[in-house]
Structure formats: structure tokens, C-alpha cells
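For reference, the structure I am asking about is given below.
Atoms within a ligand are numbered from 1 in the order they appear, just like the ligands themselves.
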Amino acid sequence: MTLEPLYTITVLCGSCEHSFTTSRVRPSYKKAIRTDTDFCGYYKNENPDFYVVRVCPECGFASTENSAKRLSDKQKTDFRTKIGSRWTERDFGGKRSLEDALETYKLALLCAQVIGESERIVASLLHHIAWLYRYQDNKEQEQRFLAHSLDAYIRVFELEGVGANDARLLYLIGELSRRLGRYNDAVQWFSRVIHDKKIIDAAMIRASREQWTVLREQMLAEKMALPDEMSTS
Ligand SMILES: [Zn+2]
């Protein structure tokens with residue numbers, strides 16, 4: 001017997017406390033067939049990223065498993081007045097198309113902004129929206145959301161500084177800068193991952209070196225002046 005890729009779980013809404021079901025992709029189906037250099041995954045079956053956002057059918061509150069579990073009274077009021085009051089009952093609990101997924105992420109982004117969710121969660125939602133546009137081959141919207149997510153990741157870095165685990169954050173800031181054509185910024189971020197002695201994440205150091213090489217070739221191809229640290233390596 002083969003199991004269906006999707007299964008459902010029950011979630012308690014952080015806003016109205018109504019419980020509802022939402023679908024998830026079974027772990028055995030979660031392996032990507034390939035992954036882009038900014039971690040956007042491609043899957044043979046269901047894309048697990050389509051199911052990250054849980055939307056309460058009752059009140060419209062959308063969040064992820066990393067969001068705050070229960071809203072404060074102020075957050076509930078802010079959500080209700082700005083989003084919930086206009087919600088018409090809608091269920092995203094079953095199988096989702098790319099368009100459904102996009103709607104859930106945009107709703108989650110609005111909710112996160114209204115309740116003042118952490119910058120890390122906002123950055124990740126913006127980045128996922130960019131990926132959904134990439135799957136659709138909508139380059140203009142992809143670049144727009146990549147730029148917003150880059151700004152948000154930089155704010156995370158400025159607010160939290162770099163801990164031992166933040167090589168991935170620095171790498172991502174570098175890679176998104178490169179994808180947006182901000183080559184000189186990208187050089188600085190990759191350089192940090194490669195040279196900062198506190199960073200020991202071997203996978204991210206390797207990825208930064210690889211993208212550094214890609215970047216150097218791009219800059220040479222576009223006849224740009226290479227920064228000092230690049231001309232020697
Ligand atoms: Zn709710």
C-alpha cells in the first residue's frame with residue numbers, strides 16, 4: 001500500500017481558538033529533486049512549502065508553526081479590525097494549487113505585519129512568495145519579493161547580530177544580493193562567511209565560496225571593476 005503524500009493535522013487558531021484541520025506533506029515525500037542556490041526546492045509530488053501556512057477557516061488568521069502560538073489581546077484586536085472583520089469563510093485545508101499557496105502566504109504576510117510578528121518570520125514569508133512567483137516564471141514579481149525579503153533579512157541581522165548559527169542568514173543575504181544584481185554588497189556578505197573565524201558551518205562556507213566564484217564570473221562578464229579582495233583570488 002502506498003500512502004498518499006498529504007495527511008491532515010488539527011491546529012488550534014491562535015486568534016479565535018477555533019480548531020481546524022490543515023494538510024501537510026508526509027516526510028517521505030519531502031525530499032527535493034533539486035534546490036536553487038537560495039534554497040528554493042523542486043519536488044516530484046506535492047511541494048511541502050505549499051502547506052506551510054495554516055489558515056483558520058473561521059476567522060482568516062494565517063500563521064506558520066513558527067509563529068506565536070497564541071495572540072495577545074492587542075494582537076487579536078489588531079487582527080480583527082484590520083483583517084478578520086473582512087474575512088468570508090474559506091477553507092484552505094485540502095490540497096492546494098500554486099495559486100492557493102500564494103494566497104495563503106500573502107494572507108500570512110498581512111497577518112504577520114498587522115500583529116507585529118518577528119522580522120525573521122516576515123523575511124521567510126516574503127522569500128517564499130518570491131519562490132512561488134519563480135515557479136510561475138513571473139520574474140518581475142519574483143524580483144520584487146526577493147528585494148523585500150532581502151531588506152527583511154538585513155533587518156534580522158541588524159537586530160539580532162550574528163550568532164554561531166547565522167552563517168545561513170549571511171549566506172542568504174549574499175545570495176539574494178547577487179540575484180538582485182547588487183554585486184558589491186554580495187561580495188561583502190560572502191566574504192564575511194568565508195573569512196569570519198567564528199563561522200564553522202562548513203556547508204555555508206562552501207556555498208559562499210561557490211557563489212563567490214559565480215559572482216566573480218558575472219562581474220567579469222559585465223566588465224565591472226573587481227573589488228580588491230576578489231582580484232587576487
Ligand atoms: Zn481563527
### Query
Is R155 salt-bridged to D151, cutoff N-O under 4.0 Å?
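No, this pair does not count.
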
### Query
Atom CG of L98 and atom OH of Y135: how far apart are they, to the nearest 0.5 Å?
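Separation between the atoms: 8.0 Å.
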
### Query
Take atom CD in E4; do more than 12 heavy atoms of anything else shown fall under 6.0 Å from it?
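No, the 6.0 Å shell around CD holds no more than 12 heavy atoms from other groups.
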
### Task
May I ask you to list the protein N, O or S atoms found at less than 2.8 Å from the Zn ion (ligand 1)?
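Protein N/O/S atoms under 2.8 Å of the Zn ion (ligand 1): C13 SG, C16 SG, C56 SG, C59 SG.
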
### Task
Could you tell me the separation between the CG atom of D36 and the OH atom of Y42, rounded to the nearest 0.5 Å?
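Nearest 0.5 Å value for the CG-OH distance: 3.5 Å.
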
### Task
Heavy atoms only: give me the nearest G174-F190 pair and the separation to one decimal.
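That closest heavy-atom pairing would be C-CZ, 3.5 Å.
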
### Message
Under 4.0 Å between a side-chain nitrogen and a carboxylate oxygen: does that hold for R168 and D166?
### Response
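Not counted as a salt bridge, because no side-chain N and carboxylate O are separated by less than 4.0 Å.
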
